[in-house]
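Computed from heavy atoms alone, side chains included, the values below leave out hydrogens, waters and symmetry copies.
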Amino acid sequence: MTAEAGAGRREPLLLGIIGALIGIIVAMVIFGGGLGGGGLAGASVTPTAAGPSTEPSATLTAETSVPSAEATPAPSTDAPTQPPTAAPTATPAPTPAKTPKPTPTVNANPTIVSFEAPQQEDCTNATAGSVHLKWTIRNATGVTISIDGPGIFMEYPGLTNEVDLPYGCDFVNLQHTYTLRTVGGTDPAASITRTIKTRAPSITSFTVTKPDCPTDSGTVSVTMTYEIRAATGAELRIDGVLWATYNGKQVSVPVGYDCTQNDQEFVLTTTGGYGPAATTSIKKSKN
């Protein structure tokens, strides 16, 4: 073989290889694979049979991957949605501890629980000149009693007692005080004072019956009745003239009515009591 003949056979082969390479590059540009991206992986170029061909022949033996026509969505620029924040649960206020009640302090001081005495004394009764007192104490050993002042009249032991004490029936001094004071125990001592007054005279009831005058002359009998208190008797006046004086707290007696008078006034006044006398009147008519 001559050198010209060999050169003539190599020229078509080189042209085929160059054509195949150009085809590969074009395919890579069209499908975006890039030269380095492997867009046509496994592509092979099959040289044509030796012969006088002036066009390169190239066969793609590998399957070309075509990218999807749908564009990949761009990442969202919106801030990511935060999950809702749960409302904070209120923390219950702690229950305050109950303050224990303090133990009451026992009163150890002397105490007068009760002290009984009458409010008034009838100096015209059988018990005149005496009053009955009664008391109860605690935290002490006894009491003293003073009458009308600080001086001690008598001391009595024990927590409870009752006694009869003198009461002065006086036309001037119409009341007396009795002071009870504890002794023994822890100071201070307890004390209390009762004031008893002399009961003033009073008229509880007074009546005069209606006169029965047959004529306008003479005197007829009517009944006068009274009941008094804190006095020893009473006097009766008719039309201002003293008719009689009576003794006793309850009296019922006949008295005269002057039939020559259309009406008469009967006045009753207490006697023998302490303090101002009591008086009352009744007017009676014969008609």
*Identify the heavy atoms of Ala140 and Thr182 that sit nearest to each other, and give their distance.*
CB-CB, 3.9 Å
*Under 3.5 Å, side chain of Ser281 to main-chain N/O of Val267, donor-acceptor pair present?*
no
*Apply side-chain hydrogen bond (donor to acceptor under 3.5 Å, both in side chains) to the pair Lys134 and Thr160, showing each step before the final yes or no.*
CA-CA 8 Å; Lys134 181 178 180 181; Thr160 184; over 6 Å; no
*To the nearest 0.5 Å, tell me how far Leu236 CG sits from Leu242 CG.*
8.0 Å
*Can you measure from OG (Ser146) to CD (Glu155) and round to the nearest 0.5 angstrom?*
10.5 Å
_For the CD atom of Gln120 and the CZ atom of Arg229, what is their distance to the nearest 0.5 Å?_
7.5 Å
*For the pair Lys210 (side chain) and Ser285 (backbone), establish whether a donor and an acceptor sit closer than 3.5 Å, ignoring hydrogens and angles.*
yes
*Exam field: side chain Lys284 to backbone Val208, donor-acceptor pair closer than 3.5 Å*: yes
*Below 4.5 Å, heavy atoms only, C-beta onward: do Trp135 and Glu116 meet side chain to side chain?*
no
_Non-hydrogen atoms of Cys259 and Ser217 that approach each other most closely_ = CB-O, 3.5 Å
*Option among Thr232, Thr280, Ile228 that satisfies the side-chain contact (heavy atoms from CB on, under 4.5 Å) test with Thr270*: Ile228
*Find out if a path of hydrophobic residues (ILVMFWY) with successive side-chain heavy-atom gaps under 4.5 Å connects Val113 to Ile192.*
no
_Side-chain (Thr177) to main-chain (Thr195) donor-acceptor, under 3.5 angstrom_ = no
*Take Thr193 and Tyr178, measure what side-chain contact (heavy atoms from CB on, under 4.5 Å) needs, and give me the verdict at the end.*
CA-CA 5 Å; Thr193 298; Tyr178 295 80; over 6 Å; no
*Quick one: pull up CG in Asp216 and CG in Asn262 and give me the separation to the nearest 0.5 Å.*
7.5 Å
*Determine yes or no for a side-chain-to-main-chain donor-acceptor pair under 3.5 angstrom, with Asp239 supplying the side chain and Glu265 the backbone.*
yes
*asked:* Please verify the inter-ring angle class for Phe266 with Tyr257; under 30° counts as parallel, over 60° as perpendicular, anything in between as tilted.
replied: parallel
*Which is it for Asp212 and Lys286 under the salt bridge (charged side-chain N to carboxylate O under 4.0 Å, His left out) test, yes or no, and what are the steps along the way?*
CA-CA 6 Å; Asp212 183 12; Lys286 64 182 179 180; over 6 Å; no
*asked:* Can a donor-acceptor pair be found, under 3.5 Å and without considering hydrogens, that links the side chain of His132 to the backbone of Glu162?
replied: no
*Audit row: Ile137, Val143, side-chain contact (heavy atoms from CB on, under 4.5 Å) steps and yes/no*: CA-CA 8 Å; Ile137 62 171; Val143 301; 3.7 Å; yes
_Any donor-acceptor pair under 3.5 Å from Thr271 side chain to Thr245 backbone_ = no
_same_hphob_cluster(Ile152, Val183) at 4.5 Å side-chain heavy-atom cutoff_ = no
*Full working for side-chain contact (heavy atoms from CB on, under 4.5 Å) between Ser252 and Thr223*: CA-CA 7 Å; Ser252 181; Thr223 301; 3.6 Å; yes
*Backbone N or O of Asn109 within a donor-acceptor pair of the Asn139 side chain at under 3.5 Å?*
yes
*asked:* Is any side-chain heavy atom of Pro166 closer than 4.5 Å to one of Ile147?
replied: yes
*Heavy atoms only: give me the nearest Asp164-Ser130 pair and the separation to one decimal.*
CB-OG, 3.6 Å
*Would you name the heavy atoms of Pro201 and Ala230 that are closest together and state the gap between them?*
CG-O, 3.3 Å
*Any sub-3.5 Å donor-acceptor pair from Asn125's side-chain atoms to Thr127's backbone N or O?*
no
*Is Ile203 reachable from Tyr274 through a run of hydrophobic residues whose side-chain heavy atoms are each under 4.5 Å from the next?*
no
*asked:* Is it the case that the side chain of Arg181 and the backbone of Ala189 share a donor-acceptor pair, with hydrogens and angles ignored and the cut-off at 3.5 Å?
replied: no
*Hey, mind stepping through Thr124 and Lys249 against side-chain contact (heavy atoms from CB on, under 4.5 Å) and telling me if it holds?*
CA-CA 10 Å; Thr124 64; Lys249 295 180 179 293; 2.7 Å; yes
*Looking at Thr186 and Pro110, what are the two nearest heavy atoms and their distance?*
O-CD, 2.6 Å
*What do you reckon, is CZ of Arg138 surrounded by more than 12 foreign heavy atoms closer than 6.0 Å?*
no
_I want to know whether Phe206 and Tyr226 have ring centres closer than 6.0 Å._
no
_Contact between Val172 and Leu174 at the side-chain level, heavy atoms closer than 4.5 Å - yes or no?_
no
*How long is the span from the CG atom in Leu133 to the CG atom in Leu165, to the nearest 0.5 Å?*
4.5 Å
*Rounded to the nearest 0.5 Å, how far apart are CD1 of Ile145 and OH of Tyr156?*
5.0 Å
*Heavy atoms only: give me the nearest Ala117-Ile196 pair and the separation to one decimal.*
CB-CD1, 4.2 Å
*Donor-acceptor pair between Tyr167 and Thr198 side chains, under 3.5 angstrom*: yes
*asked:* If only side-chain N and O atoms count, and only distance matters, is there a donor-acceptor pair under 3.5 Å linking Asp258 with Thr260?
replied: yes
